[in-house]
Every structure is written in C-alpha cells, then in structure tokens.
Amino acid sequence: MRLSRFFLPILRDNPKEAEIVSHRLMLRAGMIRQESAGIYAWLPMGLRVLDKINRIIREEQNRSGAVELLMPTIQSADLWRESGRYDAYGKEMLRIADRHEREMLFGPTNEEMITEIFRASVKSYKDLPLNLYHIQWKFRDEVRPRFGVMRGREFLMKDAYSFDLDQAGARHAYNRMFVAYLRTFNRLGLTAIPMRADTGPIGGDLSHEFIILADTGESEVFADRQVLDQPIPAVDTDFENVAELDAIVKAWTTPYAATSEMHDAALYETIPNERRVSARGIEVGHIFYFGTKYSEPMKATVTGPDGRETPVHMGSYGIGSSRLVAALIEAFHDENGIVWPQSVAPFDVSLLNLKIGDAGTDETCATLYKALTARGLDVLYDDRDERPGAKFATADLIGSPWQVMVGPKSLAEGKVELKRRKTGERQLLSVEDAVLALTA
RNA sequence: CGGGGCUUAGCGCAGUCUGGUAGCGCAUCUGCUUUGGGAGCAGAGGGUCGCAAGUUCAAAUCUUGCAGCCCCGACCA
C-alpha cells in the first residue's frame with residue numbers, strides 16, 4: 001500500500017478527551033474516529049488490526065471444533081420474553097420499535113437467538129456436541145462508556161455457544177474453549193491469565209475471565225506467579241481427548257488467580273511472598289457454563305439415548321475483539337507510538353523513501369516494495385513528499401514491526417537501513433540482504 | 001445514576017468576567033528555498049462561535065431552556 005493512496009488521518013496532537021494511552025494512540029494513528037459516545041468508526045488502519053485479530057480468533061475457534069455462523073444485530077423482543085430477560089436486562093439494552101411498532105432490540109448478546117436456532121433443527125443427542133459461534137457487533141447501552149473502544153457501547157465480540165447432552169459433555173466443551181482461548185491470546189502476543197469468575201446463580205467453578213495485565217486495566221487482580229509459567233497448549237492438541245484437555249485446564253487453574261470480586265485474601269496469603277502478583281488487568285475474554293438456564297425455558301431439548309427428551313446443557317464464550325485492539329496497544333507501546341506484535345500488525349513493514357524524487361531512492365523503494373509484497377508481506381510505502389523526520393515519526397507512531405529506510409546517505413554505500421521498531425536496533429544492509437532478513 | 005467540567009476552523013486553544021460583528025499555534029493550499037528525527041520565508045483559503053428563544057441599536061460574550069461530549073465514582077465483553 002502506498003501511503004499517498006491510503007487513508008491515514010494522523011493527528012499530531014493528543015485529542016483532549018483521550019485519557020489512556022491506547023485511546024490516544026488509536027486516535028493519533030488514524031485507527032478510529034468517534035461518532036457518538038462509545039460508538040466508533042473503524043478507519044482503514046484500525047480495521048486492518050481488527051481483521052487480523054479476528055482471523056486468529058477464527059482459526060483457533062475452528063481448530064477447537066466450533067462452527068462459524070452469523071446472526072443479525074437486530075433481534076425480536078419476543079425471543080427475549082421467552083427467557084425472561086427482556087424485562088430483566090434493563091436500560092443497557094437498546095430497544096427499538098420498527099415501523100409496525102414491533103418491539104425490537106439491538107443484541108447485547110445472543111444466548112436467546114442461538115438457542116432458538118438450535119432448537120429449530122437439533123432434536124437428537126447424536127447431533128451433539130455442537131458449538132456455534134459468530135463474530136458480530138453488539139450494543140450495550142453503558143451508563144458511562146469510556147477509554148475509547150476499551151469500553152464502547154457498540155463493540156465487536158466473538159461469542160460461541162456450546163450444546164451438550166449432559167454436564168460432563170458441557171465440561172469438555174468448556175475445556176475446549178479454555179484451551180482455544182489460551183492459544184488465541186498467545187498468538188496475539190498476549191499473556192492472558194484465566195481467573196476464577198463469578199458464576200452468578202448457577203454456581204459451580206465453571207466460569208473464567210481471561211485477563212491480561214496492564215497498569216490501565218479496570219480490574220484489580222491477584223495471582224500466583226506460577227500460573228505465568230504454564231506452557232501454552234500446542235497446535236496439535238487433540239481437542240477430542242477429554243483427559244488431555246482436562247489435565248491442561250487443571251494445570252492452568254490450580255495456581256491461585258482471581259479478580260478482586262473473587263479474591264480470597266486468606267488463601268492468597270498462603271502463597272510465598274515472592275510468587276504473589278498483585279496488579280491491574282484488562283478482561284479480554286470470559287467463558288462460562290450455565291447448564292439449562294436457557295434451554296429449559298426456551299424448550300431446547302434433544303432426545304437422549306434412553307428415548308427421553310432432555311434440555312441441553314449450554315455454555316457461552318466471549319472474546320472482545322474490538323477491545324483487544326486497545327488492550328494490545330496498552331501492552332505494546334512506547335513514548336513514540338504503537339509497537340505491534342507481528343501477528344496483528346496492520347503492516348509488517350514500513351518502507352520509507354527519505355527523498356522522494358531522487359532517482360536512486362525512488363528506484364530502490366520500487367524494487368523493495370515489489371520484492372517484499374511478492375513474498376507476501378504487507379508493506380506500507382511512505383511515498384509522501386515529506387521530510388525524513390515526519391516519516392520517522394509516522395512510522396514509529398503506527399508501529400509496523402519493521403522499518404526500511406531508503407535515503408541518499410546509505411544508498412551512496414549501496415545500502416538501506418533496516419530498523420526493528422521494538423528495540424530500535426538498526427542495521428545497514430544491501431537491498432537483497434534486507435529482503436532476506438525480512439522474509440527469513 | 002450521583003458529582004464535576006467542557007462545547008469558538010480538521011486538532012489544540014485564547015476571546016466571555018467588563019456586549020461593539022472573531023483570533024493564535026499546528027494542519028491544509030500556492031510559490032521559492034530546504035531534505036536522515038515532526039523545516040524556513042512569503043502569500044492564501046477555511047468559522048450558522050453546540051441548538052433554540054429572550055434582553056439590546058448591537059450577543060461568541062448577558063438571561064432562560066434544550067442538546068452533545070468528557071472526567072471522577074457506583075455497574076459491565
């Protein structure tokens with residue numbers, strides 16, 4: 001992509017409303033634009049990151065056996081009356097009347113709808129287990145949206161719903177998602193800690209929040225450092241293997257880890273001092289098992305092997321993709337801007353032509369651009385007629401993992417300069433070696 | 001939902017107290033010079049001063065009402 005042809009409205013100054021670093025940087029790097037309180041337009045740079053995150057989420061959901069579909073954002077109030085949540089949900093639900101005065105709503109979550117879809121088609125235990133997910137915009141009319149897309153009213157969420165014949169099956173479904181989440185966050189470059197979460201009236205121990213540590217996080221968290229040493233489940237993990245998954249989940253949930261709501265100070269005190277971690281965190285995922293809470297009132301039943309109709313056991317599993325964009329920036333930035341992990345970077349390489357109009361730099365950049373894109377890299381070529389300083393500042397701000405700087409100075413020696421955004425480390429290389437270094 | 005604050009050009013702000021017809025920096029456009037960490041000079045364009053009503057010869061400025069937005073707290077992917 002040529003920067004001169006891209007849409008990248010960069011702000012030089014910090015907008016005054018942005019208090020936390022991810023919000024400031026997202027606005028400054030031209031990733032989002034606020035349209036209303038808690039409602040944002042995703043500009044090209046932001047959308048690229050969102051798409052990369054979603055791609056990883058999809059791959060891991062699919063790997064774990066979940067199946068993607070897409071449900072609408074607008075739902076009928078009648079569906080929510082069946083579960084009893086239409087009145088219970090309160091003002092956080094955005095309620096809409098259509099032209100026929102039918103009561104509609106902008107979905108804050110999809111348990112009711114997925115249960116309706118399930119019960120319409122699935123009648124036998126033989127079709128279980130089933131896990132359906134989608135990545136769709138949600139709307140929750142928060143009292144106080146804040147921190148940009150970290151707590152927006154409209155947000156993009158991956159939500160999966162599992163259906164099983166019994167509680168044992170549901171636990172395995174839960175474990176599959178648990179493992180998929182560990183892999184997903186790891187691939188995003190994040191260290192996410194699963195923490196015991198409140199299960200509400202259902203009870204039991206089957207609810208975990210996945211929290212990444214960050215000073216600006218909204219939750220206060222306590223953990224045993226040992227949880228950080230757990231290995232991430234491998235790519236060839238067998239999601240059908242009940243015992244294997246159970247062992248992984250057990251290993252991850254044995255060391256102490258809890259948010260302030262679930263914190264057990266006495267238990268925490270028994271951890272050796274040097275292993276205690278007390279920090280702030282951002283919730284990026286939440287999974288829970290809720291049994292027959294929806295399947296019973298909504299009559300989502302299957303016929304079991306014994307010939308009896310029984311309500312299915314369900315769980316739901318959410319990842320806030322739009323929030324993750326902000327969470328990633330909170331985790332990866334420095335004083336000059338964003339420092340994207342390779343896996344979600346909007347562009348792999350920023351190519352800077354330090355002197356547009358110079359035959360040598362123009363030609364070398366054209367060669368590099370062609371070679372790198374041909375090898376599958378996303379390259380943002382800064383071909384604007386700007387001074388070098390402005391290009392350096394832009395490249396640092398938008399945070400591509402690599403920068404290739406082509407100027408008359410290094411070109412006189414037949415070299416270009418390769419800079420690693422994360423460390424600032426630079427090396428002078430020939431064009432060929434630079435291509436090799438970037439595609440190795 | 002309680003408390004506080006803000007709204008003037010794309011962004012950041014001054015002007016409001018004390019009414020007289022809108023200004024600064026950055027950004028944008030043109031020209032020349034410049035070119036390895038956000039250049040210099042010269043010129044130019046861009047504003048229903050959040051909206052509405054009122055007071056007045058005259059309102060960004062005073063009065064009233066409304067709206068939007070932000071921050072702090074209680075609640076949430």
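Heavy-atom basis, side chains included; hydrogens, waters and symmetry copies ignored. Naming convention: chains lettered A, B, ... in sequence-line order (proteins, then strands); numbering from 1 in each chain.
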| remark: A/K16 NZ to B/C70 P, in whole Å, measures 11 Å
| So, A/N62 versus A/Y133: side-chain donor-acceptor pair below 3.5 Å or not? | yes
| message | Classify A/E92 by what it touches in the nucleic acid, base, sugar-phosphate, or nothing, heavy-atom distance under 4.0 Å. | response | nothing
| task | Go through the N and O atoms of the side chain of A/S410 and the base of B/G36, and report whether any donor-acceptor pair is under 3.5 Å. | result | yes
| Distance between C1' atoms of B/G47 and B/G10 (Å, rounded) | 12 Å
| field | Aromatic stack A/F155/B/A77: centroid gap under 5.5 Å, interplanar angle under 30° | value | yes
| task | Hey, can you tell me if A/F347 and A/F6 have their rings parallel, tilted or perpendicular (30° and 60° cut-offs)? | result | perpendicular
| query | So is A/R323 actually on top of A/F155's ring, under 6.0 Å and inside 45° of the axis? | reply | no
| Taking atom P in both B/G15 and B/C62, what distance in whole Å separates the two? | 12 Å
| said: Taking donor-acceptor contacts at under 3.5 Å, does the side chain of A/D396 reach the base of B/G37? | reply: yes
| request: Measure from CZ on A/R146 to P on B/A74 and round the result to the nearest Å. | output: 9 Å
| What is the distance, rounded to the nearest whole Å, between atom CG of A/L324 and atom P of B/A77? | 14 Å
| task | For A/G318 and for A/P145, locate the closest nucleotide of RNA chain B by heavy-atom distance; then report the residue assigned to the nucleotide nearer the 5' terminus. | result | A/P145
| field | Any A/K391 side-chain nitrogen or oxygen under 4.0 Å from OP1 or OP2 of B/G36 | value | no
| said: Rounding to an integer number of angstrom, what distance separates B/C29 and B/G20 when you compare their C1' atoms? | reply: 33 Å
| request: Assign the ring pair A/F139 / A/F106 to parallel, tilted or perpendicular, where the plane angle (0 to 90°) is split at 30° and 60°. | output: tilted
| note | note: A/D362, atom CG; B/U35, atom P; distance rounded to Å ~ 17 Å
| task | Have a look at A/G424 and say if it touches a base, only the backbone sugar-phosphate, or nothing, with a 4.0 Å heavy-atom cut-off. | result | nothing
| remark: Whichever of A/L11 and A/M405 has the more 5' nearest nucleotide on RNA chain B, that residue is A/L11
| note | Atom CD1 of A/I39 and atom C1' of B/A77 are separated, to the nearest Å, by 16 Å
| Separation of B/U28 P from A/R384 CZ (nearest whole Å) | 10 Å
| request: Compare side-chain N and O positions of A/R144 against OP1 and OP2 of B/C72 and report whether any pair is under 4.0 Å apart. | output: yes
| request: Verify, without hydrogens or angle tests, whether A/T292 (side chain) and A/V312 (backbone) share a donor-acceptor contact under 3.5 angstrom. | output: no
| request: Please work out whether the ring planes of A/F178 and A/F210 are parallel, tilted or perpendicular, with thresholds of 30° and 60°. | output: perpendicular
| said: Using a distance-only criterion (donor-acceptor N/O pair, under 3.5 Å, no hydrogens), is the base of B/G37 paired with the side chain of A/R426? | reply: yes
| remark: note: A/R24, atom CZ; B/C71, atom P; distance rounded to Å ~ 12 Å
| For the base of B/G37, is there a side-chain donor-acceptor partner from A/K409 under 3.5 Å away? | no
| said: Can you measure A/R323 atom CZ to B/A77 atom P for me and round it to whole angstrom units? | reply: 8 Å
| If only side-chain N and O atoms of A/R387 are considered, is one of them under 4.0 Å from the OP1 or OP2 phosphate oxygen of B/U34? | no
